[in-house]
2 protein chains.
Amino acid sequence: MDSVTFSPRTSGLLAQAEAICVDRGARLTGLRRHVLGLVLDAPKPAGAYDMLDQLRPHHKGAAPPTIYRALDFLLEQGLIHKVERLAAFVGCVHGIEQHDHHHHTVQFLICTRCGRVEELNDAKIGKSLEQAATGSGFVIHGSTVEAEGVCGACADHG
Amino acid sequence: MDSVTFSPRTSGLLAQAEAICVDRGARLTGLRRHVLGLVLDAPKPAGAYDMLDQLRPHHKGAAPPTIYRALDFLLEQGLIHKVERLAAFVGCVHGIEQHDHHHHTVQFLICTRCGRVEELNDAKIGKSLEQAATGSGFVIHGSTVEAEGVCGACADHG
DNA sequence: GGCGCGATAGTTATAGTATAACCCGGGTGC
DNA sequence: GCACCCGGGTTATACTATAACTATCGCGCC
C-alpha cells in the first residue's frame, strides 16, 4: 500500500491506536490504519462513501465492502463511533488516548450549523439510562445518545 | 381513498390525533391518517418501505415520496418518532394521549431479541444531557437516546 | 517443504433507505 | 376569474449498507 500522511495530531493518535491493537492482538492493517486516519483527520463526521472516494486514489479496487469492513473493525475496537443521525463516523479520541475498550455510553452533541460533533462522556446520563432501563427489567448492551442543536462557537458568531 | 380498519386501540389513538391536529390547524389527511394507523398498529417499529407495501393495495400510485411526506408531517406533529438505529418509526403514544407537542427528550429501549421498542420518558436523562451540553455552551434543540439490549420478557423465557 | 486453516481483502451484485425535481389539481382569498 | 399555497402523483436518482463468492496471505504443524 501507499503510505499516506496525516496531520501531526492524527499521526500521534494512529501511533497510539497501533499500540492498543498490538496489546490486544488485533491487527491494525495498512488499510484499517488508513481508514482510521481518514476518520481522525476529518473536521466533521465522515461518511463511508466520502472516505471511499478519498481512499480510491491510493488504493485501487476499493469498493463499499472495503471501507465497511475496515469501519466494522474500528468500531469493534472502540477506535471510532458511528453517529446514527448522520450515518457518519467520528474518531473516539477518548478511547484511543485512554486505551479504554469499554463501550462506555457514547454521547454526541451535533451542531446543525457547522456540522461538527463533540463527544461527551457524562457518567450521569449513562446512570440515569441504566436506572430507567432496570426499572423495566431491561438489560442494556449498548446505547446511543445524540443531541442536535447549536454549538457555542456557532451561537457566538451567528 | 379507501377507508381502512385498525385495531380498537389504534382507532382510539387516531381519533385523538385528529383532535390534536384540528386544534393546531394541521391537516391530518386521509393518507396521513392511514400512515399513522400503520405505525400505531404495528407491534414493532415499522420501516418506511414495509408501510409502503401495506399502503399500496389501498392506495394506488403510492411511491416512496408518498410515505416519506406523510412521515415527515407526523414527525413534525410529534405523533410519531424515528428510531435511528433501526431506520424505523414508532407511534408516540405519550404525545397523542397528552396532546403534548413538546419535542421532549425521546428515549427508546430496543430489544435485540424480539425487536420491540419501549419508549421511556425519564426526566433525569434529559436533565443530565441538558446540563452536560450547557457546560459546553451548546443549546439542544432535540435529542435521541437509544439503548439496545434484552427486554424483561425475552430474558425470562430464554 | 507442503498442508490446512483462519483472517484479510478483492470483486460483483444487490438490498435497503431517502430525496430531488417536476407536474397537477383542488381549495381559498381576493 | 385567477393567483396562490398545499397535498400529492410520478419518475428518476442519490445515498447507505450488505450478500456471496473468490483469492491471497501468514502461520502453525507435521
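Reckoned from all heavy atoms, side chains included, excluding hydrogens, waters and symmetry mates. In the text below, chain A, chain B and the rest are named by the order of the sequence lines, each starting its count at 1.
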Cut-off 3.5 Å, no hydrogens considered: what does the side-chain donor-acceptor table look like for residues 39-51 of chain B, sequence neighbours left out?
unit_1, atom_1, unit_2, atom_2, d
B:Asp41, OD1, B:Ser7, N, 3.4
B:Asp41, OD1, B:Ser7, OG, 2.9
B:Asp41, OD1, B:Thr10, OG1, 2.4
B:Lys44, NZ, B:Cys114, O, 3.3

Of all the nucleotides listed ([options]), which has the minimum atom distance to the side chain of [X]?
X: B:Ala63; options: D:dG9, D:dT11, C:dA18; answer: D:dT11
X: A:Arg27; options: D:dT11, C:dA18, C:dT8; answer: C:dT8
X: A:Pro65; options: C:dT11, D:dA17, C:dA20; answer: C:dT11
X: A:Thr29; options: D:dG8, D:dT18, C:dA9; answer: C:dA9

Check your understanding: Shortest non-hydrogen contact from B:Cys21 to B:Leu79?
Key -> SG-CD1, 4.2 Å
Practice item. For B:Ala87 and B:Lys82, work out which heavy atoms get closest and say how close. Key: CA-CE, 4.2 Å
So, is [X] close to the [N] phosphate, meaning a side-chain N or O under 4.0 Å from OP1 or OP2?
X: A:Arg69; N: C:dT8; answer: no
X: B:His59; N: D:dG8; answer: no
X: A:Tyr68; N: D:dA17; answer: yes

Could you give the [atom1]-to-[atom2] distance, from [X] to [N], as a whole number of Å?
X: A:Arg32; N: C:dT8; atom1: CZ; atom2: C1'; result: 7 Å
X: A:Asp53; N: D:dT16; atom1: CG; atom2: C1'; result: 13 Å
X: B:Leu36; N: D:dG7; atom1: CG; atom2: C1'; result: 17 Å
X: B:Leu86; N: C:dG16; atom1: CG; atom2: P; result: 15 Å
X: B:Leu71; N: D:dG8; atom1: CG; atom2: P; result: 12 Å
X: B:Asp50; N: C:dT17; atom1: CG; atom2: P; result: 7 Å
X: A:Arg33; N: C:dT8; atom1: CZ; atom2: P; result: 17 Å
X: B:Lys60; N: D:dG9; atom1: NZ; atom2: C1'; result: 10 Å

Review point. Side-chain donor or acceptor of A:Tyr49 under 3.5 Å from a matching atom on the base of D:dA17?
Key: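 By the distance-only test, yes, there is a pair.
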Practice item. Under 4.0 Å between any heavy atoms, over every strand shown, what does B:Ala87 touch: base, sugar-phosphate, or nothing? Just pick one. Key: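 Sugar-phosphate contact only - B:Ala87 comes under 4.0 Å of backbone atoms but never of a base.
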Practice item. Determine, using ring centers only, whether B:His58 and B:His34 are less than 6.0 Å apart. Key: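 Yes, ring centres under 6.0 Å apart.
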Study note, to complete from the structure: Of A:Gly61 and B:Lys82, the one whose closest nucleotide on DNA chain C sits nearer the 5' end is A:Gly61
Exercise for review: Check the surroundings of atom CZ in B:Arg9: do more than 12 heavy atoms from other residues, nucleotides or ligands lie under 6.0 Å from it?
Suggested key: no
